[in-house]
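Numbers here are sequence positions counted from 1. First listed ligand is number 1; within each ligand, the first listed atom is number 1.
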Amino acid sequence: MSVHPISHPLVKHKLGLMRAADISTKSFRELACEVAKLLTYEATQNLEMEPATIEGWNGSPIEVEQIKGKKVTIVPILRAGLGMLDGVTDLIPSARISVVGLYRNEETLEPVPYFEKFVSALDERLAIVIDPMLATGGSMVATLDMLKERGCQQIKVIVLVAAPEGIERVEKAYPDIEIYTASIDERLDENGYIVPGLGDAGDKIFGTR
Ligand SMILES: O=P(O)(O)OC[C@H]1O[C@H](OP(=O)(O)OP(=O)(O)O)[C@H](O)[C@@H]1O
Ligand SMILES: O=c1cc[nH]c(=O)[nH]1
Ligand SMILES: [Mg+2]
């Protein structure tokens, strides 16, 4: 597995703003979307291209490059993953969307599934899983299990913040998966929250704090 911490100044600056204790719901939501967009740009850098011939402005045929017919499904993990969705679809507007609903049991920290709706032909698609937080990694591994069970072969993960513990858990279960993140933070605290982290990303995006 490769982990790609994205150190672009815009990503670092915007993520830094998201860490402020007094950030508003509006700002947190806007920044989550903007950082997601920048990470999507990085995560799609090596998509395969193919040449195509089109009619140019003066009627002459011209050679252009197009993204090779790879179908994409974006997979937000509810709830918090929805806060990144608009940023990703801004760059990949024709992507299909699969949804996975999980919440973390506050005592065991294990993921509890409550919803799933996948698009068809997962075996032919690149899946881009999005969630702001990769903490223990339980929610992400559960989502990757669902995708793999349905035949999905190419998967990328985009998270705003990752804990080393979560990266390790995903790496153990799925060594072939690439993770794009705006930051690898220090550690998890005794309640399974990422430090320094962002706090509860779902609560901040939905205003349920
Ligand atoms: O790596 P893990 O230890 O599994 O923790 C990360 C998960 O926790 C958060 O979701 P939460 O359970 O708070 O649900 P929510 O998005 O509905 O707030 C977050 O958005 C991840 O999905
Ligand atoms: O730090 C964390 C860990 C899990 N879920 C969050 O929203 N934040
Ligand atoms: Mg939450």
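For Glu116 and Arg150, the salt-bridge test passes: some basic side-chain N is under 4.0 Å from an acidic carboxylate O. Ion pairing of Asp123 with Lys71 is absent here, as no side-chain N (NZ or NE/NH1/NH2) approaches a carboxylate O to less than 4.0 Å.
Cation-pi contact between Arg79 and Tyr114: absent, since separation from the ring centre below 6.0 Å together with deviation from the ring axis within 45° is not met.
Hydrophobic clustering places Leu10 together with Leu160 (ILVMFWY residues linked when any side-chain heavy atoms are closer than 4.5 Å, directly or through intermediates).
Geometrically, ligand 1 and Ala135 share a nitrogen or oxygen pair separated by less than 3.5 Å. For ligand 1, the polar-atom distance check finds an N/O of Gly137 within less than 3.5 Å of one of the ligand's N/O atoms. Between Gly192 and ligand 2, no pair of N/O atoms sits closer than 3.5 Å. On a distance-only criterion, Asp131 and ligand 1 share at least one N/O pair closer than 3.5 Å.
Taking 4.0 Å as the cut-off, Lys204 does not count as a neighbour of ligand 2 on heavy-atom distance. Contact analysis puts Met133 in contact with ligand 1, with a non-hydrogen atom separation below 4.0 angstrom.
Identified under the salt bridge (Lys or Arg N to Asp or Glu O under 4.0 Å) test for residues 16-29, with sequence neighbours left out: Arg19-Asp185, Lys26-Glu30.
For the atom pair OG1 (Thr143) and CE (Met146), the distance works out to 5.5 Å, reported to the nearest 0.5 Å.
Within 6.0 Å of atom CD in Glu106, 12 or fewer heavy atoms from other residues, nucleotides or ligands are found, so the atom counts as exposed in its surroundings.
Comparing Arg169, Arg79, Arg104 against atom 17 (O) of ligand 1, the shortest heavy-atom distance belongs to Arg79.
Close approach of ligand 1 to Ala80 (heavy-atom distance below 4.0 Å) involves ligand atoms 16 (O), 20 (O). Taking every non-hydrogen atom of Gly199 and a distance limit under 4.0 Å, the qualifying atoms of ligand 2 come out as 1 (O), 2 (C), 6 (C), 7 (O), 8 (N). Ligand 1 places these atoms under 4.0 Å from at least one heavy atom of Leu78: 16 (O). Near Ala201, meaning under 4.0 Å from one of its heavy atoms, ligand 2 places the atoms 6 (C), 7 (O). Atoms of ligand 2 lying under 4.0 Å from any heavy atom of Ala135, numbered from 1 in the order shown and given with element: 3 (C), 4 (C). Atoms of ligand 1 found under 4.0 Å from any heavy atom of Ser139 (numbered from 1 in listed order, with element): 2 (P), 4 (O), 7 (C), 22 (O). Close approach of ligand 1 to Gly202 is summarised as follows: ligand atoms under 4.0 Å from at least one heavy atom of the residue are 18 (O). Atoms of ligand 2 lying under 4.0 Å from any heavy atom of Ile194, numbered from 1 in the order shown and given with element: 1 (O), 2 (C).
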Tell me, with the steps shown, if Arg125 and Ser98 meet side chain to side chain donor-acceptor pair (under 3.5 Å).
-> CA-CA 11 Å; Arg125 296 183 192 276; Ser98 303; over 6 Å; no

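For the residue pair Glu178 / His4, a side-chain donor-acceptor distance below 3.5 Å is found, with atom types taken as modelled.
Under the salt bridge (charged side-chain N to carboxylate O under 4.0 Å, His left out) criterion, Glu165 pairs with no residue, sequence neighbours left out.
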